[in-house]
2 protein chains.
Amino acid sequence: MNRRATLKDVAAAAGVSTATVARVLHGNGYVAEATRRRVETAVDRTGYHINAVAQGLRRQRTSTLGLLVPGIIPNPFFASVAHGVEQEAVRHGCGVLTVNTFGDPERERIGVETLLRRRVDALLFTAPRHEDNVRLARAADIPVVQIERKTAIDTLAVTVDNWIGAFTATRHLLDLGHRRIAYIGVDPDRVRHRPGAATHPNVEQDRLSGFQDAMTRAGVPIDNDLVALGSCYYDQATGMSNSIGHDWMRTFLGLPDPPTAVFATSDIFAAGVLQAAYERGLRVPDDVSIVGFDDTYAKFFAPPLTTVGQPMVEIGEAAARLALRDLGSLVGSAERSLGFVTRLIVRASTGPPSHARYLASANNRNLNTVIDDSITSRSDAV
Amino acid sequence: MNRRATLKDVAAAAGVSTATVARVLHGNGYVAEATRRRVETAVDRTGYHINAVAQGLRRQRTSTLGLLVPGIIPNPFFASVAHGVEQEAVRHGCGVLTVNTFGDPERERIGVETLLRRRVDALLFTAPRHEDNVRLARAADIPVVQIERKTAIDTLAVTVDNWIGAFTATRHLLDLGHRRIAYIGVDPDRVRHRPGAATHPNVEQDRLSGFQDAMTRAGVPIDNDLVALGSCYYDQATGMSNSIGHDWMRTFLGLPDPPTAVFATSDIFAAGVLQAAYERGLRVPDDVSIVGFDDTYAKFFAPPLTTVGQPMVEIGEAAARLALRDLGSLVGSAERSLGFVTRLIVRASTGPPSHARYLASANNRNLNTVIDDSITSRSDAV
DNA sequence: CATCATTCTGTCATCGATGACACGTCGGGC
DNA sequence: GCCCGACGTGTCATCGATGACAGAATGATG
């Protein structure tokens, strides 16, 4: 079995024409029962596997989605989205070609060109980095989906409401009685002013606004000393983004009046916060409460972290579905954009501040909240 | 620009034949300077991207690797390996088609067939699940690489020495003065007796043996109450593998003479151990030392975990290189199998047991060890 | 001036599957 | 006996790039 069997080989083995074999393979057209059986045994005997390359050329359809991700390391968020995309694609008989861009516009461009060359049926950008690249994809006349972030180019899109996520998390802390709440996030301005960058949703701005709005509505003043804005979510070189949370938390703890709660806009930032707290011998949530974002690492920490969960797998699935639907009917009949919401997942890292423990009680307003008792039940840890 | 431009379109636009355009594109054969320029502008003007599908059919080579992974969730080990594969593939101008098998033999089979249909140039199995599937791939006459685990079928392979990893970790704890050391791992027998399963290296057996051998050589008896053997690394349904570590640690802590150190064969097991310790108000490493495995989550924990690191990205890269080299020269001139070693990464979760703190000192033998001071320096935490 | 190597370009069969089309054989209804 | 629809099967152009081959033009050499 040196050369792979072709349709022709099978046809010869079964003593029929290639058209008949094709009919058997795809189950369309008329084929006599006896012939069908003869062909089927011939297929088995020759170990024939249809050649998807030739098929793709002929059909002008490869049943392949192209997926661009900034890097599945170190952020498991993208791994989960990619997983969702793959899962949904497989359900539709499609494969997924994944390209890592490392968040670099140039690599992203190369990725787009590679995928266009390979004639993917649709192109999915996760956190697109430069609008020129999205435009390039658009020009190829295939469905394009932007996930999580969106450049100025109009395409299909799947996004998440970050404002409500941040708002709910902050509100949760306020409801517990916290007043000195620190925020560790990324500076919206630095992201905004990158040329060609994604503009909507403005993830960083929305998270910051959600925090600010919750504070303001509760009549709690925001102490600028407690608002830490970095330049990015993780360091490309070292990947050590937890050091960002760690360093800021150390700074906070050096303040005359340190925060009783910290809201970090990523589980990895929160990891650093937790580490700094641990170093000082602080108990969580007894001495300080911590909320993360993403629900990636959160449940593995000690204590398991309260966090703002994003439906990562569902996002990926929705993106794939959007792309594949658009493949079917070119008229954009249904919606071209899907929005998801976050949910606050309450685990064991948040509780009332020590000085206000007495007013704890159950005035914890319910606003899109889930209690995760899976491992360390709340009562267990407090 | 409704239809994508083809070679013919470019040729027409430049007033030459398709052969000439091809020559310009690939830079081989003779082309007059003036013609070359004319063709190049025609390429730009038409927005031409070579059709890799047609190219693949003609050349009988798709420049695509097929990668089977049990699932990039919840285990980031596979995500990192996949990342390495992708990175190396891109360097060689190849793409990667990834299929998740969820560790299910049947899904693995379907994945192999899908990838064979798509005529990938090589097939990489990460933790192959059933030897029949590997055999199926072998029959297709393309390079096959088995990563991390290996079935009875002979192919190219990339593996890691787990024995030395477990041995070193245990030795590290012994050197620190620990005698009551618990082991949380997976039962080698349950894995071994799965039909068609991977047999080499026997990851579970090697890790257990490494632990046992280190203890035995140090003359320390093994308490079977402190050896926990589960059935798998993570629960397919819930993915909550940290509960395994959590539950076992609770059991250990209920013992009359609890362990002073725990060696868990996965960072996620270790996460559960850490959580259980935290619930009891124990300090790490002051009250109990913890060592993990994989170096996936380890550095994000509080305190950052001492762990046995596996060179995940390098493994992926090596696997891709092996596959691609074999593509070039069909004669297996060089080695057909690559072995990697683990390294012990010492962070802040291990220290001398409290009753033996006085004999701590620096008799910490060096055996393939790395000290990671990146965040929480050791002295800082102890 | 003949010869030959070098440079430059075009023609066309091929990779393997597809599906429109044509052709042939039934059996039933008129 | 004729016509028509339902079956059953084969032929062949096509998708787009490739590269072997042939042919043509140019310049150099004896």
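The structure presented is a predicted model; accordingly, all values stated were derived computationally and were not measured. Within every chain, numbering begins at 1; the chains are lettered A, B, ... in the order of the sequence lines, protein sequences first and strands thereafter. Side chains included, hydrogens not; waters and symmetry mates left out as well; all remaining heavy atoms used.
- Taking the salt bridge (charged side-chain N to carboxylate O under 4.0 Å, His left out) definition, one finds that Asp104(A) meets it with nothing, sequence neighbours left out.
- The pair Glu113(A)-Arg117(A) does not meet the salt-bridge criterion, since no charged nitrogen lies less than 4.0 angstrom from a carboxylate oxygen.
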| Which letters describe nucleotides 7-16 of chain C, given B = protein heavy atom under 4.0 Å from base, S = only from sugar-phosphate, - = neither? | BBBBBBBBBB

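- For Glu314(B), the salt bridge (charged side-chain N to carboxylate O under 4.0 Å, His left out) criterion is met by no residue, not counting sequence neighbours.
- In the helix from dC1(C)-dG30(D) to dC30(C)-dG1(D), the rotation axis of the first five pairs and that of the last five pairs differ in direction by 60°, rounded to 10 degrees.
- Residues forming a side chain to side chain donor-acceptor pair (under 3.5 Å) with Arg38(B) (at least two apart in sequence, or on another chain): none.
- By the 4.5 Å heavy-atom criterion applied to side chains, Thr155(B) and Arg138(B) are counted as neighbours.
- One interatomic measurement links the two molecules: CZ of Arg118(B) to P of dA17(C), which rounds to 15 Å at whole-angstrom precision.
- A side-chain N or O of Thr151(B) and one of Gln146(B) form a donor-acceptor pair less than 3.5 Å apart.
- Between Val145(A) and the choices Val85(A), Leu156(A), Leu324(A), the side-chain contact (heavy atoms from CB on, under 4.5 Å) rule is met once, by Leu156(A).
- Checked against salt bridge (charged side-chain N to carboxylate O under 4.0 Å, His left out), Glu40(A) has no partners two or more places apart in sequence or in another chain.
- Separating the NE2 atom of His26(B) from the P atom of dA17(D) is a distance of 10 Å, rounded to the nearest angstrom.
- Atom CG of Leu25(A) and atom P of dG19(C) are 12 Å apart (whole Å).
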